[in-house]
Amino acid sequence: MDGFNPVHPWATWGLTVLGAITFMSIVTWLNLILGKVGTFLAMILLVLQLGGSAGTYPIQLSNGFFEAIHPYLPLSYIVDGLRETIMIGSSAWNAIFVLLVIFIIFSLLQILHYTRLFLRMRRMDIPKEAAV
């Protein structure tokens, strides 16, 4: 429709969806655990990723701070994976693997939080009349 033809269209789409759910799990966990502070930290993470992910210009042109945090930012792996699937045509499995690991870790942290909350609520002494 617009002339955009990635080398691997399905991999590009899949990587985009994986990146979205990865960020969703990170932001959800931050908001779940820290509330409004988590929202603020998510915004700080977004700003750090804009400068440190090598999406706008090469990381080699950045200062030492952004070069140091580059490997630890999820957006770095999305940018690298999209470069592979859109233009280069080689494998993006490294980026997919890292994003899956991040997604699984933050999803498990959410499950752990809700499990602890459920067990704590089960131990509460709630009269049956109040439960109805």
Side-chain angles (χ1 to χ4, degrees):
M1 185 165 100
D2 63 354
F4 177 67
N5 295 316
V7 175
H8 302 293
W10 288 105
T12 302
W13 183 82
L15 190 64
T16 305
V17 170
L18 179 60
I21 64 171
T22 301
F23 283 123
M24 182 183 67
S25 68
I26 293 170
V27 172
T28 302
W29 182 78
L30 285 170
N31 288 331
L32 180 68
I33 299 298
L34 302 173
K36 296 286 184 186
V37 175
T39 304
F40 180 71
L41 290 176
M43 188 169 50
I44 290 174
L45 179 64
L46 171 71
V47 171
L48 288 175
Q49 291 189 106
L50 288 175
S53 66
T56 52
Y57 56 93
I59 196 65
Q60 294 82 5
L61 300 177
S62 298
N63 64 13
F65 173 73
F66 287 119
E67 284 187 39
I69 66 170
H70 173 73
Y72 305 105
L73 298 174
L75 189 58
S76 299
Y77 295 97
I78 294 173
V79 169
D80 290 342
L82 287 175
R83 283 183 181 142
E84 297 294 334
T85 62
I86 292 173
M87 299 175 291
I88 299 172
S90 61
S91 177
W93 284 111
N94 182 38
I96 291 170
F97 176 74
V98 171
L99 290 171
L100 274 174
V101 167
I102 293 170
F103 170 70
I104 290 169
I105 288 171
F106 280 97
S107 295
L108 288 175
L109 287 172
Q110 290 176 43
I111 291 170
L112 177 66
H113 173 77
Y114 281 117
T115 303
R116 289 182 62 217
L117 185 65
F118 176 74
L119 292 175
R120 192 177 315 151
M121 289 179 69
R122 258 179 105 185
R123 285 190 295 244
M124 294 174 130
D125 187 26
I126 301 174
K128 289 187 180 187
E129 298 82 31
V132 176

Are any side-chain N or O atoms of N94 and backbone N or O atoms of F97, one a donor and one an acceptor, separated by less than 3.5 Å?
-> no

Give, for atom CZ of F106 and atom CD1 of I111, the distance between the pair rounded to the nearest 0.5 Å.
-> 14.0 Å

First locate atom CZ of F23, then atom OG1 of T28, and finally report the distance between them rounded to the nearest 0.5 Å.
-> 12.5 Å

Find out if a path of hydrophobic residues (ILVMFWY) with successive side-chain heavy-atom gaps under 4.5 Å connects Y114 to M121.
-> yes

Is there a path of hydrophobic side-chain contacts, each under 4.5 Å between heavy atoms of I, L, V, M, F, W or Y residues, that connects V7 with I78?
-> no

About how many Å separate OG of S91 and NE2 of H8, when rounded to the nearest 0.5 Å?
-> 8.0 Å

Going by the side chain to side chain donor-acceptor pair (under 3.5 Å) test, name the single residue among T12, T16, D80 that passes it with T85.
-> T12

Looking only at non-hydrogen atoms, find the nearest pair between Y77 and L73 and report the distance.
-> CD1-O, 3.4 Å

Close side-chain approach of L15 to L99, heavy-atom, < 4.5 Å = yes

What about M24 and I96, same hydrophobic cluster or not, with Ile/Leu/Val/Met/Phe/Trp/Tyr joined at side-chain heavy-atom distances under 4.5 Å?
-> yes

With N31, the side-chain contact (heavy atoms from CB on, under 4.5 Å) member among V37, T39, I26 | T39

What's the spacing between F103 CZ and I21 CD1 if we round to 0.5 Å?
-> 4.0 Å

From L32 atom CG to Q110 atom CD, the distance as rounded to the nearest 0.5 Å | 6.5 Å

What distance do L117 atom CG and L112 atom CG have between them, rounded to the nearest 0.5 Å?
-> 11.0 Å

Same cluster for W13 and L82 if Ile/Leu/Val/Met/Phe/Trp/Tyr side chains link at under 4.5 Å?
-> no

Below 3.5 Å, can you tabulate the donor-acceptor pairs from side chains in residues 40-61 to any protein atom, sequence neighbours excluded?
from : atom 1 : to  : atom 2 : distance (Å)
Q49  : OE1    : L75 : N      : 2.9
S53  : OG     : Q49 : O      : 2.8

